[in-house]
Amino acid sequence: MALRRQPERNTVSDLTLTEAVNNIYASLRADNADLDTHIAALKAAMAREGVKEAVFEPARLAQNNRQGRKLMQSYFRKRGVAVSFASSSGPDEGAI
């Protein structure tokens with residue numbers, strides 16, 4: 001009699017959008033370790049949940065300045081993921 005092995009949780013195919021985003025934050029804190037893998041998982045989660053754009057909190061980013069956010073958007077866009085950032089409660093952060 002053969003034993004069936006239970007499928008493992010948190011493979012690329014079954015991450016929720018929130019789990020995928022949290023993995024991105026962890027990767028950014030770990031000097032971008034496995035970032036491309038986490039981006040692929042995020043892209044798959046977005047497709048499953050019908051989300052067009054990933055939203056990140058600027059305060060949780062390793063480099064929370066305009067240059068860091070633009071670099072992140074560019075890197076993710078090249079991998080097929082649109083990125084935006086949640087509004088912060090700072091005074092007129094985007095004002096000129």
Side-chain angles (χ1 to χ4, degrees):
M1 174 158 80
L3 295 176
R4 282 192 191 178
R5 189 176 137 161
Q6 292 293 329
E8 292 183 21
R9 180 79 172 111
N10 292 339
T11 61
V12 171
S13 64
D14 66 358
L15 286 177
T16 67
L17 185 59
T18 302
E19 290 170 332
V21 168
N22 286 334
N23 287 344
I24 297 285
Y25 289 131
S27 181
L28 293 173
R29 283 190 305 272
D31 200 24
N32 301 334
D34 298 322
L35 184 59
D36 289 336
T37 303
H38 294 307
I39 292 172
L42 174 63
K43 188 174 179 180
M46 289 171 62
R48 267 193 318 280
E49 297 184 23
V51 175
K52 301 281 184 202
E53 189 170 70
V55 180
F56 290 89
E57 298 173 33
R60 293 185 65 187
L61 299 178
Q63 190 173 358
N64 181 20
N65 58 28
R66 186 177 189 279
Q67 182 180 4
R69 291 188 304 268
K70 292 298 178 185
L71 181 64
M72 182 177 172
Q73 283 179 320
S74 173
Y75 190 81
F76 278 59
R77 184 174 43 247
K78 289 176 185 174
R79 282 144 186 84
V81 176
V83 170
S84 67
F85 298 96
S87 299
S88 68
S89 58
D92 298 330
E93 183 178 278
I96 296 176

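Atom set for the values below is all heavy atoms of this structure, side chains included, hydrogens, waters and symmetry mates excluded.
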Kindly determine whether N22 and R60 satisfy side-chain contact (heavy atoms from CB on, under 4.5 Å), including the steps that lead there.
CA-CA 10 Å; N22 286 334; R60 293 185 65 187; 3.5 Å; yes
Mind running side-chain contact (heavy atoms from CB on, under 4.5 Å) on K70 and S74 for me, showing each step along the way?
CA-CA 6 Å; K70 292 298 178 185; S74 173; over 6 Å; no
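Annotation: N65, atom CG; neighbour count of heavy atoms from other residues, nucleotides and ligands within 6.0 Å is above 12. Within 6.0 Å of CD on Q67 lie no more than 12 heavy atoms contributed by other residues, nucleotides or ligands.
Among residues two or more places apart in sequence or in another chain, the salt bridge (Lys or Arg N to Asp or Glu O under 4.0 Å) test is passed with R79 by D36.
Heavy-atom minimum distance, D34 versus S27: C-OG, 3.9 Å. Of all non-hydrogen atoms in R69 and P58, the two that sit nearest each other are CD-CB, 4.4 Å.
How far OG1 of T16 is from CZ of R48: 8.5 Å, rounded to the nearest 0.5 Å.
Through chains of ILVMFWY side-chain contacts below 4.5 Å, L42 is grouped with L17, V21, I24, Y25, L28, L35, I39, M46, V51, F56, L61, M72, Y75, F76, V81, V83, F85.
A 4.5 Å side-chain heavy-atom check between E57 and N64 finds every atom pair outside the cut-off.
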